[in-house]
Amino acid sequence: MQFFIILFIFTVYGFGFDYHLKSYSVSKDVECFFGLPSSITKNNGGNMVNTCYVETNEGYVVIDSGPTYSYAQQAYTLMQIKKKLPVRYVINTSWDEAHILGNGFYKEQGAILLGPKRYKTYFEEPNKDLLMEKEISKDAFLNTRLTPLDSYLESDSEIILGHLSLSIKYFKDDEYLVVYIPKREILFAGDMLFNDRITPLTRNRSLLVWEKELKELKAIPWKYVVSGHGIKTRRSALKNTQSYLSLLKSEVQESIQNGDSKELTIEKVTMDAFNEDRLYSLWQTFNVASAYDELKVLHSDNKIKQSKIMPLVIKKEPIKSEKVLPKKVLLKESIVKKELPKKEVKTTSIPNIHYSTFGVALREAKVNKKIVLIKVHSNDCPYCDKLDKILATNRQVKELISKYYEMVEINNSYEFVPLNVMISTTPSFVFVRPRDKKVLMIVPGIQALGDLVEILKEGIEDGHNGGYLKP
């Protein structure tokens, strides 16, 4: 008991700024601290980024050190309470300040620091002010400093520590690192993915390159993912970034083809399906402007190339025809076989359930005449696991959902249910009418397959009676 009292005093008074960190288990031997879905403020001390630690029998590997020395110190203290092991490596997936400024603390503990080559740019201007120092309080920034890396990566590499192998993939175009642990089926995607907040095209990032890189990520056989920001950890976490970039490209390209100016494009391309995502008002206008600049150049280049292509002229010459007499072929009736009609092969595949963000689900539901169905679950919820198993394996349930619903998944242990719906029992279903975002029904405590099928059918019946499922 005395140890915990001393630890509490050390946490509050030794660190100065208390980040109130709590780790969540994502996969075996993998714990993560999830940042707040906001921008950097004095109140949060820059705690808006996700950091993780991976346990091996020879020590920890830290993925992103966090926004300050104090943040890293507090994360390390919690690691040591769980198991007293040294931190062997710190891998920075990005060069962004919020990901790297805890490096100084871990270097003091003897860790080897790795990161993308672009990290070096900080030392080209040694007197340059850090954004973090301006935005957060002095006690939060205390002891924080830029720390050189031991290795600046510019190609794919691998770390083997104890019983685990960690593959590091280097994305040259944007200079980001992605860490993959095949044995744990987990991918640390860093700023390649964003969820629970708008996707930002910062630092002159290429929309087209990013789309290409996401296809590469999708091809990796991972089951769990941790992005740089946001708490979604399943494969559906990829969909938010992909959907946003795809729609942004499509709408900006259409505007350019119509001859619209940059200012008019910014005004027109509002992408309302995403307007409930956090930081939408901060980034949407910037993203449209950035996409316009990139796609306008591409559009101009294509026009120039098309103008340089000479039309192909084909000279027609008369074709000399020779009369060819058909050969008579006689077949005995016994040899002639009629081709039997091919039997239709019925597919036995069951459609998978796809989860979207609330904004994307609303848009898709409006277009496809469906209901938005929010599945609310929580940590340490055995019935939630049972429900997930039914949703993944039961044919009838999957067919009903695929045909009539757009699904959203929310973990209310650390994220809010859309439309300020309060849920106290999990698992629960929230049925939402897409045209006016009206909550039609809340069903708490689903525990059996029979309940689930009847609930889904009731939602469908209400949808037809209410008119919003009618074609």
Side-chain angles (χ1 to χ4, degrees), residues 195-196 232-240 242-244 246-247 272-277 347 349-378 381 383-412 415-423 425-471:
N195 57 75
D196 302 320
K232 287 181 170 41
T233 58
R234 305 214 178 168
R235 286 197 74 92
S236 58
L238 182 69
K239 189 174 181 181
N240 187 65
Q242 279 190 314
S243 299
Y244 180 84
S246 176
L247 185 61
D272 292 337
F274 294 89
N275 64 11
E276 293 198 7
D277 285 10
T347 178
S349 63
I350 304 172
N352 291 320
I353 295 172
H354 297 286
Y355 294 91
S356 307
T357 62
F358 183 60
V360 172
L362 277 176
R363 175 169 60 86
E364 295 295 325
K366 283 180 187 175
V367 172
N368 299 315
K369 306 293 182 187
K370 292 185 178 184
I371 306 166
V372 176
L373 180 56
I374 304 172
K375 183 192 77 174
V376 185
H377 62 107
S378 60
C381 167
Y383 285 118
C384 297
D385 297 335
K386 186 176 179 180
L387 175 62
D388 284 344
K389 190 173 181 180
I390 293 170
L391 291 171
T393 58
N394 187 271
R395 183 187 190 95
Q396 185 183 9
V397 169
K398 292 170 79 174
E399 286 178 341
L400 285 171
I401 288 175
S402 296
K403 188 172 181 181
Y404 297 106
Y405 295 96
E406 289 292 337
M407 291 289 289
V408 178
E409 185 176 40
I410 296 291
N411 186 331
N412 76 342
E415 62 182 327
F416 295 108
V417 181
L419 306 176
N420 297 318
V421 175
M422 300 303 294
I423 298 293
T425 304
T426 56
S428 292
F429 274 160
V430 181
F431 294 74
V432 180
R433 184 164 62 200
R435 70 166 180 262
D436 55 5
K437 302 179 190 175
K438 182 180 178 181
V439 176
L440 303 167
M441 180 168 60
I442 299 174
V443 183
I446 304 148
Q447 298 179 10
L449 173 59
D451 293 343
L452 177 57
V453 172
E454 289 307 311
I455 289 163
L456 292 173
K457 286 182 176 178
E458 185 181 344
I460 295 163
E461 186 179 347
D462 290 347
H464 281 301
N465 293 337
Y468 49 90
L469 281 179
K470 292 179 181 177

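We're numbering straight along the sequence, starting at 1. Given the structure is predicted, the values throughout are model-derived calculations rather than measurements.
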Are the side chain of S246 and the backbone of Q242 linked by a donor-acceptor contact shorter than 3.5 Å?
no
Side chain to side chain contact (heavy atoms under 4.5 Å, CB included) assessment of F431 paired with I455 | CA-CA 10 Å; F431 294 74; I455 289 163; 3.6 Å; yes
Exercise. So, N412 side chain and I423 main chain: donor-acceptor pair closer than 3.5 Å or not?
Worked result: yes
In terms of heavy-atom contacts, I371 and V432 come closest through CG2-O, 3.5 Å
Taken in chain and number order and not counting sequence neighbours, the residues that satisfy salt bridge (Lys or Arg N to Asp or Glu O under 4.0 Å) with E409 are R234, K375
Would a distance-only check, ignoring hydrogens and angles, find a side-chain to backbone donor-acceptor pair under 3.5 Å from S428 to T425? yes
### Message
Could you check whether any side-chain N or O of Y405 sits under 3.5 Å from a backbone N or O of L456, counting only pairs where one atom can act as donor and the other as acceptor?
### Response
yes
Inset, instruction - Carefully, step by step, assess E415 and K232 under the rule salt bridge (charged side-chain N to carboxylate O under 4.0 Å, His left out). - result: CA-CA 10 Å; E415 62 182 327; K232 287 181 170 41; 3.8 Å; yes
Side-chain donor/acceptor of N394 to backbone N/O of I390, under 3.5 Å: no
So the salt bridge (charged side-chain N to carboxylate O under 4.0 Å, His left out) pairs with at least one residue in residues 431-440 (sequence neighbours excluded) are E276-K437, R433-D436
Of all heavy-atom pairs linking K398 and A392, the shortest is NZ-O, 3.2 Å
- Task: Inspect the surroundings of CG in N420 and state if more than 12 heavy atoms from other residues, nucleotides or ligands are less than 6.0 Å away.
- Result: no
F358 meets the ring pair (Phe, Tyr, Trp, His ring centres under 6.0 Å) criterion, sequence neighbours left out, with none
Tell me whether E399 is salt-bridged to R395, with the criterion being a basic N under 4.0 Å from an acidic carboxylate O. yes
